[in-house]
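Here is the structure we will look at.
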Amino acid sequence: MTVWKTSMRNFFAHKGRMALSAVAVLLSVAFVSGTLVFTDTMNTTFDKLFAATASDVTVSPKSAGGAGDDENPETGKPESLPASLVGKVAKAPGAKSAEGAVTSMSVTVVNSANKDMGSSSGAPTIAGNWTQNDLKAMEITSGHAPRGPTDVMVDADTAEKHHLKIGDELRTIAVTGDFTAKVSGIASFKVTNPGATVVYFDTATAQRELLGKEGLFTGISVTAAAGVSDEQLKRNVATTLSDAGGTGTGGTYKLQTAKEAADSSREDVGSFLDVMKYAMLGFAGIALLVGIFLIVNTFSMLVAQRTREIGLMRAIGSSRKQVNRSVLLEALLLGIVGSIAGVAAGVGLAVGLMKLMGSMGMELSTSDLTVKVTTPVVGLVLGIVVTVVAAYVPARRAGKISPMAALRDAGTPADGKAGRIRAGIGLLLTGGGAATLLVATQADKASEGSMFLGLGVVLSLIGFVVIGPLLAGVVVRALSAVVLRMFGPVGRLAERNALRNPRRTGATGAALMIGLALVACLSVVGSSMVASATDELDKSVGADFIIQSGKGQPFVPQVEKALKKAPHIEHVTDYKGVVTKLTSPDGRTEDEELVAADPTYAQDLRRETVAGELSAAYGKNAMSVGDTYAKRHGVKLGDTIKVAFKKGGTAELKIAAITSDDGNVDKGAMYTSITTAAQYIPADRMPQNQMMFAKAEDGKAKEAYAALKASIADYPQYKVQNQTDFKQELKDQIGQLLNIVYGLLALAIIVAVLGVVNTLALSVVERTREIGLMRAIGLSRRQLRRMIRLESVVIALFGALLGLGLGMGWGTAAQKLLALEGLKVLEIPWSTIITVFVASAFVGLFAALVPAFRAGRMNVLNAIATE
């Protein structure tokens with residue numbers, strides 16, 4: 001009971017000093033809890049949507065994907081069933097009704113101003129026919145359902161976002177052609193729509209315009225009669241269709257119950273959500289790691305300041321265990337307070353993330369906010385355990401204080417120099433990390449080197465943390481010579497204060513080091529990727545223009561024709577992906593995608609060959625393979641490979657060229673001509689273009705660029721890029737990804753800044769008497785504040801220098817592995833590195849504002865009288 005009272009008294013006596021540590025725990029726990037609540041809410045949203053839209057039993061083509069994923073990705077046209085099956089299925093025992101559905105996601109819908117009505121968040125545009133099954137998830141809130149070829153109904157979210165109203169004209173672009181219709185109705189979702197754009201037509205129009213002809217459906221929705229389970233209905237439908245396949249490997253059709261369809265869709269979305277969740281939890285873990293340094297520093301300094309008090313406690317009978325337990329109980333209180341606040345803040349963070357996603361086009365309703373029982377439990381346990389573990393070493397140090405310490409001056413640092421053993425271990429770990437990183441750079445395969453890279457990163461990071469006090473003595477002196485000496489005696493005082501306790505300075509700098517090391521590493525990797533891709537594009541891409549869809553949709557025929565009619569163009573190249581099964585001469589069969597292109601593609605992309613000429617691969621019944629495939633299967637020039645085309649025939653193609661895989665553009669690609677592929681693939685199964693390339697006539701590049709853009713101006717889903725545009729887009733994409741990562745790392749850096757603030761604040765308290773004496777002998781308030789600010793700046797620069805140096809080392813090693821995958825150019829983004837280093841000085845100034853202000857307000861006589 002005495003230990004508990006002592007812990008409570010100390011905790012509340014130092015509540016101001018504990019506050020920043022509690023904020024660090026709060027932020028870290030909030031990030032973990034917020035991530036869990038956010039992803040759980042997204043799962044709930046999609047679960048409700050899938051459950052609401054799935055019929056009791058769904059019949060779809062066997063080659064279709066999950067529910068709603070019934071596209072043929074090569075042709076851009078959905079797989080279909082004959083309409084005659086609807087009547088047959090409706091007669092199955094236990095079936096109350098059956099209706100045919102048409103669904104296509106290979107469409108683009110634009111308004112009268114030619115603006116794409118699709119989501120900007122990556123959610124699909126879904127077009128189909130309006131059915132009774134849709135009434136389960138939607139209700140018409142304005143106008144009426146489509147009644148003929150001139151009617152279209154849109155979802156309410158899309159109507160609100162794009163200011164659509166009854167009577168507005170929309171144009172739908174599909175592989176079968178363009179068609180227009182006027183908005184006849186608006187339907188609202190009964191559950192949350194995560195952002196998809198949904199348009200409905202009458203059945204005949206949907207069949208004709210989306211599938212190419214009437215009499216076809218992409219699926220059949222079957223409703224069970226009263227008392228008939230979905231599983232029983234599924235078996236009855238399978239029997240009626242004489243189809244035993246179900247969701248397994250056999251049968252002609254795919255049959256799914258509502259639960260199976262929802263589970264299938266959930267699995268597709270769940271994999272994406274899991275990646276998002278674990279990535280965000282990884283950054284939360286980094287923030288927790290940085291928070292550990294803050295907590296260790298806080299309790300170490302509190303223990304040092306209470307040396308005389310703890311010594312007196314030991315002198316009057318307190319045991320080591322009681323002192324140890326008292327400090328751990330303080331940590332427990334800190335962990336509980338910070339974690340409870342963190343869980344509450346996490347819910348608020350999740351709501352903020354939902355609002356952010358809403359601004360990006362993914363709508364998430366707060367009515368679906370999901371806080372599972374496990375979320376607060378995880379947050380509380382994590383925060384409390386991390387806090388108590390972090391305080392364990394200071395607590396042990398407190399327990400070792402002897403009664404004789406009561407006779408010494410309070411606040412005397414017990415750890416003025418890093419121990420020799422610690423320095424030896426740190427040097428060993430750092431050397432081992434450096435050696436492991438070097439081994440990673442010498443690997444022959446990226447997969448092998450990545451293990452050494454990860455180990456090297458961990459060892460070098462731990463090594464730098466352990467060796468921090470030793471480095472502090474060297475680096476701080478060097479930085480002081482450049483930064484502090486110009487400030488005269490005040491600068492020298494700041495330097496000595498930073499060097500007074502190397503262990504404390506090392507731990508404070510290490511917290512900032514971790515976040516900045518990751519920033520530097522990712523900056524090097526990102527810049528190297530852009531530089532490598534740009535260099536390779538300059539060397540290998542001969543085409544003047546690249547045309548592609550921003551959403552990955554295949555090319556519609558009307559766009560292909562428009563591009564080929566554009567003036568000032570020397571040639572336009574078709575580029576298609578053909579799914580095949582290849583049987584090599586060694587008898588092994590593998591699924592591979594062949595690139596079927598026009599012969600001009602050999603000019604558009606200059607691929608180096610190790611045998612033969614690439615142009616020969618576009619001859620009759622000929623193809624090329626990459627040298628990796630050739631080595632794996634012992635294939636040589638002139639050999640024949642058996643090629644089974646998906647939805648087509650089987651061919652014997654001769655190897656006319658073997659390309660080098662020593663590059664990144666089209667690495668591993670196998671080429672054949674469109675003419676050859678067309679011999680074995682039916683015309684209605686021939687894939688649409690994935691990309692197209694064009695070359696301008698000599699001296700007509702500007703005119704050709706303008707002509708290509710003008711030719712497809714009516715099709716906003718496609719964009720024409722010259723090489724400069726393509727490089728800039730690549731740079732922007734990588735830059736956006738890095739900015740997201742930097743934003744997530746900002747949490748760790750904020751926690752590190754709190755560590756600097758806390759260290760300075762406690763340091764000011766620790767040196768109260770000293771500060772009073774300096775003021776008494778003539779140090780002005782302004783000089784005192786400057787001294788503390790300079791101390792903060794040099795600590796921040798120390799952490800930045802270590803972090804940036806370590807991160808550049810990691811990034812350089814990572815680039816060497818990427819070079820094995822074709823990204824061969826190493827580029828150090830010096831502008832970013834220098835900016836971050838300079839910004840660290842301002843971070844130090846910011847961190848010192850409050851401690852410096854408090855120090856300047858001290859009463860001189862009271863400070864001198866402090867014990």
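Note that this is a predicted model, so its numbers are computed, not measured. Atom set for the values below is all heavy atoms of this structure, side chains included, hydrogens, waters and symmetry mates excluded.
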Test log, rule side-chain contact (heavy atoms from CB on, under 4.5 Å), inputs V393 and V296: CA-CA 8 Å; V393 172; V296 169; 5.7 Å; no

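- Under 3.5 Å, the side chains of D732 and Q728 contain a donor-acceptor pair of N or O atoms.
- A donor atom on one side chain and an acceptor atom on the other are found under 3.5 Å apart for Q721 and Q548.
- Side-chain contact between T45 and N193: absent, with no pair of heavy atoms (C-beta onward) separated by less than 4.5 Å.
- Using a distance-only test at 3.5 Å, with no hydrogens or angles considered, a donor-acceptor pair links the side chain of S527 to the main chain of S523.
- Residues D368 and T192 have side chains that bring a donor and an acceptor to within less than 3.5 angstrom of each other.
- The environment of E160 atom CD is sparse: at most 12 non-hydrogen atoms of other residues, nucleotides or ligands sit within 6.0 angstrom.
- We find the OG1-CG distance between T39 and N43 to be 6.5 Å, quoted to the nearest 0.5 Å.
- Considering every non-hydrogen atom in both M808 and A520, the closest pair reads N-CB, 4.0 Å.
- Of all heavy-atom pairs spanning T158 and M117, the tightest one is CG2-O, 4.0 Å.
- The closest side-chain heavy-atom distance from T125 to T108 is not below 4.5 Å.
- Listed here is the closest heavy atom pair of C521 and G811: SG-N, 3.7 Å.
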Verdict with reasoning, K731 to Q736, per side-chain contact (heavy atoms from CB on, under 4.5 Å): CA-CA 9 Å; K731 184 177 181 180; Q736 288 171 5; over 6 Å; no

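- Atom CG of L334 sits about 10.5 Å away from atom CG of L26, to the nearest 0.5 Å.
- T44 and D47 form no side-chain donor-acceptor contact under 3.5 Å, judged by distance and modelled atom types alone.
- With hydrogens and angles disregarded, a donor-acceptor distance shorter than 3.5 Å links the side chain of T441 to the backbone of L438.
- L849 has its side chain within reach of F846: a pair of non-hydrogen atoms, C-beta onward, lies under 4.5 Å apart.
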side-chain contact (heavy atoms from CB on, under 4.5 Å) between I340 and I336, intermediate numbers included: CA-CA 6 Å; I340 291 174; I336 291 172; 3.7 Å; yes

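- Annotation: side chain of F31 is not in contact with side chain of L288 (no heavy-atom distance under 4.5 Å).
- Checking V825, I828, L826 one by one against S528, the side-chain contact (heavy atoms from CB on, under 4.5 Å) holds for a single residue, L826.
- Atoms CG and CG, from L522 and N739 in turn, are 11.5 Å apart once rounded to the nearest 0.5 Å.
- Residues T812 and Q815 fail the side-chain proximity criterion, which asks for heavy atoms closer than 4.5 Å.
- Separating the CG atom in L518 from the OH atom in Y742 is a distance of 10.5 Å, to the nearest 0.5 Å.
- Using a 4.5 Å heavy-atom threshold, the side chains of V198 and F189 count as touching.
- Inter-residue side-chain proximity for M42 and T370 is flagged as unmet; no heavy-atom pair is nearer than 4.5 Å.
- Taking OG1 from T35 and CG from L281, the interatomic distance works out to 5.0 Å, rounded to the nearest 0.5 Å.
- Closest non-hydrogen pair, W810 versus A517, comes out as CZ3-CB, 3.7 Å.
- In this structure the side chain of L845 never reaches within 4.5 angstrom of the side chain of S792, judged on heavy atoms.
- Residue K190 qualifies as enclosed at atom NZ: its count of foreign heavy atoms under 6.0 Å is above 12.
- Of all heavy-atom pairs between V465 and A510, the closest is CG2-CB, 4.3 Å.
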Full working for side-chain contact (heavy atoms from CB on, under 4.5 Å) between T387 and L332: CA-CA 7 Å; T387 307; L332 179 64; over 6 Å; no

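- Annotation: the span from S106 atom OG to Q717 atom CD amounts to 10.5 Å, rounded to 0.5 Å.
- L49 and P194 make their closest contact through CD2-CD, 3.6 Å (heavy atoms, listed as atom of the first residue, atom of the second, distance).
- With salt bridges taken as basic N to acidic carboxylate O contacts below 4.0 Å, one links D263 and K259.
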